[in-house]
Amino acid sequence: MKEQTLILIKPDGLVKSLTGNILTRLSETKLEIAAAKMVCVSPELATEHYKHLKDQPFFGELITYLQGQLHGRYKVLALVYWGEDAIGKVRALAGATNPEEAEPTSIRGSYGRITSKGVYENVIHASSNAEEAEREIKLWFQPSEIILDAYPVKTITQTSVQQKVWA
Ligand code: UDP
Ligand code: MG
């Protein structure tokens with residue numbers, strides 16, 4: 001089944017100059033890139049993204065990690081990949097959540113580490129199922145930023161919306 005999945009190259013992936021490497025690994029899947037952008041992650045976005053983990057002892061640290069405070073690189077690269085079995089293929093390539101348990105040749109197995117505070121710095125986020133992919137893609141992207149209609153859209157007219165345009 002053709003599907004889409006959200007991928008984030010987390011701040012540790014950026015600071016370790018792994019972007020090209022990770023994109024090359026992802027190209028092995030033969031999936032298509034449907035969207036890509038750099039995002040400065042607000043506390044609200046990080047909290048919403050990881051809301052299923054809010055009761056975990058490492059939650060606070062995880063939010064600072066995704067925002068880039070642990071690495072002094074305050075952004076992530078957000079991507080949507082599309083194609084046959086996209087979610088499973090990217091998860092397999094990413095490897096297990098815990099870098100110590102991840103297949104050594106997987107992205108997380110190759111480049112991840114566990115900090116002394118116990119957070120898994122695992123370089124990449126990948127949606128784990130179709131429901132999660134839909135929630136996450138809608139959280140990180142607007143329909144106009146994705147080159148396919150990933151999910152149903154509607155057109156609305158907005159007045160008095162302030163936005164930056166080229167001067
Ligand atoms: N995480 C962690 N310790 C844990 C579980 C998760 O530091 O015991 C972090 C890790 O960075 C992981 C993220 O929280 O990628 C989200 O956790 P999830 O269980 O959703 O794993 P994922 O879907 O990323 O494999
Ligand atoms: Mg997850």
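Position 1 is the first residue of the sequence, and the numbers go up from there. All ligand and atom numbering here is 1-based and tracks the order in the structure.
Listed by chain and residue number, Glu28 satisfy the salt bridge (charged side-chain N to carboxylate O under 4.0 Å, His left out) test with Arg25 (two or more places apart in sequence, or in another chain).
Cluster membership check: Val153 does not share its hydrophobic cluster with Phe141, using side-chain heavy-atom separations under 4.5 Å among Ile, Leu, Val, Met, Phe, Trp and Tyr.
Counting only residues at least two apart or in different chains, ring-ring contact (aromatic ring centres under 6.0 Å, His included) contacts with residues 75-130 comprise His49-His125. Each side chain to side chain donor-acceptor pair (under 3.5 Å) pair with one or both residues in residues 64-73, not counting sequence neighbours, appears once here: Asp12-Tyr65, His71-Glu121.
Around ligand 1 you find Lys10, Tyr50, His52, Leu53, Phe58, Leu62, Tyr65, Arg91, Thr97, Arg108, Val119, Tyr120, Asn122, each with a heavy-atom distance below 4.0 Å.
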Apply the test side-chain hydrogen bond (donor to acceptor under 3.5 Å, both in side chains) to residues Ser127 and Glu132: give CA-CA distance (whole Å), side-chain angles for both, the deciding distance (0.1 Å), then the verdict. CA-CA 6 Å; Ser127 308; Glu132 194 176 278; 5.0 Å; no

Leu45 and Leu139: side-chain contact (heavy atoms from CB on, under 4.5 Å), yes or no, with the steps? CA-CA 8 Å; Leu45 178 57; Leu139 177 64; 3.6 Å; yes

